[in-house]
Amino acid sequence: APSRRDAGAQAWEPASPELLRRPARFALDTYNRGLAAGARAVLGTVSGRVRRAGRGSLYSLKVTLEELPCTDPMVCQLPVTKKTLLCSFEVSYELGKHALLKQDCGPVDTKMKDDKNETSSPLLPLSDRDPLPQDFYVRMASLFKYFITTYNRTYETEEEAQWRMSIFINNMIKAQKIQALDRGTAQYGVTKFSDLTEEEFRTIYLNPLLKEELGKKMRLVKFVGDP
Amino acid sequence: APPEWDWRKKGAVTKVKNQGMCGSCWAFSVTGNVEGQWFLKRGDLLSLSEQELVDCDTVDKACMGGLPSNAYSAIETLGGLETEDDYSYSGHLQTCSFSAQKVKVYINDSVELSHNEQELAAWLAKNGPISIAINAFGMQFYRHGISHPLRPLCSRWFIDHAVLLVGYGNRSDVPFWAIKNSWGTDWGEEGYYYLHRGSGACGVNVMASSAVVN
């Protein structure tokens, strides 16, 4: 809301291809690190815009990527045909470093159709391939029962209960990842919001207008240190 | 700034409220700030109406979100805030039923505060709770303790939740901000969220503001 002098204070501006090259290259490198061994993507078209604040910048990029077929027979599991992806990336540049804040990629034709309902989720750089413990679903069912009792949840149908339980399980996995990446002393886990998808939670409880910060400009208080 | 401060212990903070299924955090953040300012200038702690802002602040978007800066302007334009008892919270947009006769609190101005966390702490200790907005990453699953997400996961560029700074301190040498949330007492630490202090965690320092009561 406040002045236009720092984070999010300036409006989005169109950016030249030259300006977008480095953040796009950074996003591509990060994307490639997540691909299977032997596979890689190359940059196609790049367009986007930039927001500046202080010494930092936020780039919002629309990029096409060409995923090249895996050519190394030592690492290729299946022959894969070349495909084109349309990706939305958000890359920040602060203190001399780039960081990929959001990534949302899909095949170019389906992506075009879905673009109006674009959803993107923050990156969680943990492997999803870790095997789950054998008693995982038993433990999760027991935890879900605790959740329903603690927060007095009722669901209208068996199908809804099943659906909410699957969301709950995904959320517990997500909470575990957030826990693993937290550098403080916080504990994450079951809360009264544990049966909501991220999209539901954002829509119901959060405030997207704050991200845009186009409110009334206020007078800045000057800090005077007291000797 | 003193090494620690907690306005809850000094009677400047009302009980934790619950915004329900409505994106009205901006209204709760602002009323919390005005409650503190009024207490410090006039000595009375009054629980103030968020519903008045949800219904009558026509610049903001009620349950779809809003900005503290607009809310301060709305309070000035309307002529003040009614109390929670007189204009109680329903959690959805209603027709504005503000009554100037029921106004108990007014504000004269609003100000933007420093982005330096040390200066914010000093301002808070001297002047009262601060309206802020943060990136709510991880808050869906937060239970207790001091949250300190990795910087790229909780970027200052994705601010999406308004709350109230009511104090600060250290727990086992970990510096924290004590943050009053509006999701009820059955969330977090009795409704409070503790966030790492001094690292700009989740953009805690980028949108600090306060009403001014003369």
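No experiment lies behind these values; they were computed from the predicted model shown. In what follows, chains carry the letters A, B, and so on, assigned in the order in which the sequence lines appear, proteins first and then strands, with residues in each chain numbered from 1.
- If you measure heavy-atom distances from C25(B) to chain A, the contacts under 4.5 Å come from the side chain alone.
- Both the backbone and the side chain of A162(B) come within contact range of chain A, with heavy atoms under 4.5 Å apart.
- For F39(B), there are no ring-ring contact (aromatic ring centres under 6.0 Å, His included) partners two or more places apart in sequence or in a different chain.
- At least one donor-acceptor pair closer than 3.5 Å links the side chain of K41(B) to the backbone N or O of V213(B).
- A cation-pi arrangement is found for K10(B) relative to W5(B), the charged atom lying closer than 6.0 Å to the ring centre and inside a 45° cone about the ring normal.
- Y205(A) touches chain B through backbone and side chain together, each having a heavy atom under 4.5 Å away.
- Within the 4.5 angstrom heavy-atom criterion, only side-chain atoms of S155(B), from C-beta onward, approach chain A.
- Between F193(A) and F168(A), the ring center distance fails the sub-6.0 Å criterion.
- The most heavy-atom pairs under 4.5 Å with chain A, out of H161(B), R171(B), H196(B), come from H161(B).
- With salt bridges taken as basic N to acidic carboxylate O contacts below 4.0 Å, one links R164(A) and E200(A).
- For W187(B) and Y142(B), the ring centers are positioned less than 6.0 Å apart.
- Between Y155(A) and W163(A), the ring centre distance reaches or exceeds 6.0 Å.
- Neither the backbone nor the side chain of Q179(A) comes within less than 4.5 Å of any heavy atom in chain B.
- For chain B, the nearby parts of A186(A) are the backbone and the side chain; heavy atoms of each come within less than 4.5 Å.
- With chain A as partner, the option from M139(B), H144(B), M21(B), Q140(B) having the largest number of non-hydrogen pairs under 4.5 angstrom is Q140(B).
- Note: Q187(A) leads E90(A), M172(A), Q187(A) in heavy-atom pairs under 4.5 Å with chain B.
- Taking the six-membered ring for Trp, Y87(B) and F98(B) have ring centres at least 6.0 Å apart.
- For N135(B), no part lies near chain A; criterion is any non-hydrogen pair under 4.5 Å.
- Annotation: residues 52-65 of chain B contacts chain A through K61(B), M64(B), G65(B) [non-hydrogen atoms, separation under 4.5 Å].
- Pairs of residues two or more places apart, or lying in two chains, that qualify as salt bridge (charged side-chain N to carboxylate O under 4.0 Å, His left out) and include a residue from residues 143-156 of chain A are R153(A)-D195(A).
- In summary, the side chains of Y192(B) and N181(B) do not present any donor paired with an acceptor at a separation below 3.5 Å, with no hydrogens or angles considered.
- Partners of Y194(B) by ring-ring contact (aromatic ring centres under 6.0 Å, His included), not counting sequence neighbours, listed by chain and number: F176(B).
- Contacts with chain A were tallied for V111(B), V212(B), D109(B); V111(B) has the most, counting heavy-atom pairs under 4.5 Å.
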